Amino acid sequence: MTKKLTIAIDGPAGSGKSSVARLVAQKLGYVYLDSGAMYRAVALNALQNGGFALSSESELEALARDSRIELRPVPLSLQDPCIHNRVLLDGVDVTQSIRTNEVAQAASRVATVAGVRKILVAEQQRAGAGGGVVMEGRDIGTVVFPNADLKIFLEATPEARAERRWKEHLEKGEHLKLEQVLDEVHTRDKRDTERRVSPLVRAADAVLVDNTAMDEEETARLIVLLARDREAKLGKDTGVVA
Ligand code: DC
């Protein structure tokens, strides 16, 4: 039997983390977990309760503690590029409602609160405890699973990431200016990398994968090769035969 790995994939907005992580999990037969969905679920909870908690760190922390968030796999037959995990908040399916722009904005506020992060990180660690998981986010290789078997830091130039986002909007019928999307990419990069708590940084032992010139399938295949190599090495170390 091969050892099942814990794989951490981090990177900036538009680096293709979600699609790539989901493909890698599919190819390896692992569970895919989207940690950002948890921050979005807390944000949605705050908004549904009038949004007042968004201006109070202690209320956001209490809300995070009281929210029951479950991430479930999406059946392969129902794969939609915009849906990552099926997300339940206190038993209610919020998979679609956490994907609005309003929730994304609120989630980026929620994600700056240290107390919220502590609670969600503990849940993420529980969810991935058994191995055989691909978890993606901003702090997976640095904070959530600092001992992950394989850490990937996905990168692409801001221009390439902006173009991907611009195309996604276009496919949804939203005609935006490419320069505007590029500006937003720069703003999000700055917020993600400069925030005080758990900023987006590459773990020293993460493999840097620049996928500016690669599509999702090629990026996923490369990560699967790295994972197979790591599985084989760990199998040898532990005496487990692949
Ligand atoms: O990846 P996403 O857009 O769904 O993430 C939503 C927000 O949560 C975004 O502002 C980044 C933040 N986030 C985080 O701080 N740490 C994570 N591990 C995942 C997401």
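Scope of the values below: all heavy atoms of this structure, side chains included, with no hydrogens, waters or symmetry mates. Just follow the structure's listing: the first ligand is 1, and inside any ligand the first atom is 1. Worth saying up front: this structure is predicted, and the values here are computed from it rather than measured.
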Listed partners of Glu61 passing side-chain hydrogen bond (donor to acceptor under 3.5 Å, both in side chains), at least two apart: Arg65

Atom 3 (O) of ligand 1: nearest protein contact (heavy atom, Å): Arg40 NH2, 3.0 Å

Donor-acceptor contact present, side-chain Gln125 to main-chain Val144, <3.5 Å: yes

Atoms of ligand 1 close to Arg188 [distance to a heavy atom under 4.0 angstrom, numbered from 1]: 3 (O)

Proximal atoms of ligand 1 relative to Arg195 (non-hydrogen, under 4.0 Å): 14 (C), 15 (O)

Heteroatom proximity flag, Lys17 to ligand 1, N/O under 3.5 Å: no

Any N or O of Glu136 closer than 3.5 Å to N or O of ligand 1: no

Proximity winner for atom 17 (C) of ligand 1, if only heavy atoms of Met38, Arg191, Arg138, Met135 are counted: Arg138

Within 6.0 angstrom of Lys118 NZ, more than 12 heavy atoms from elsewhere: no

Partners passing side chain to side chain contact (heavy atoms under 4.5 Å, CB included) against Thr100 (at least two apart in sequence or in another chain): Glu102, Val103

Donor-acceptor contact below 3.5 Å, side chain Arg40 vs main chain Ile98: yes

Structural part of Gln124 in contact with ligand 1, heavy atom criterion under 4.0 angstrom: neither

Closest approach of any protein heavy atom to atom 15 (O) of ligand 1, naming residue and atom: Arg117 NH1, 2.8 Å

Heavy atom of the protein closest to atom 7 (C) of ligand 1 (residue, atom name, distance): Ala107 CB, 4.0 Å

Residue portion contacting ligand 1 (non-hydrogen atoms closer than 4.0 Å) for Ser108: both

Atom pair OG (Ser35) and CG (Asp139), whose distance is rounded to the nearest 0.5 Å: 6.5 Å

Sub-3.5 Å N/O-N/O distance, Tyr39 and ligand 1: no

Distance from atom 12 (C) of ligand 1 to nearest protein heavy atom, with residue and atom: Ala111 CB, 3.7 Å

Lys167/Glu163 ion pair, N-O < 4.0 Å: yes

Interatomic spacing from OG1 in Thr142 to CZ in Phe153 - rounded to 0.5 Å: 9.0 Å

Contacting atoms of ligand 1, where contact means under 4.0 angstrom from a heavy atom of Ser35: 17 (C), 18 (N), 19 (C)

Nearest non-hydrogen protein atom, atom 5 (O) of ligand 1: Gly36 CA, 3.7 Å

Pair Tyr32, Gln26: side-chain N/O donor-acceptor within cut-off below 3.5 Å: no

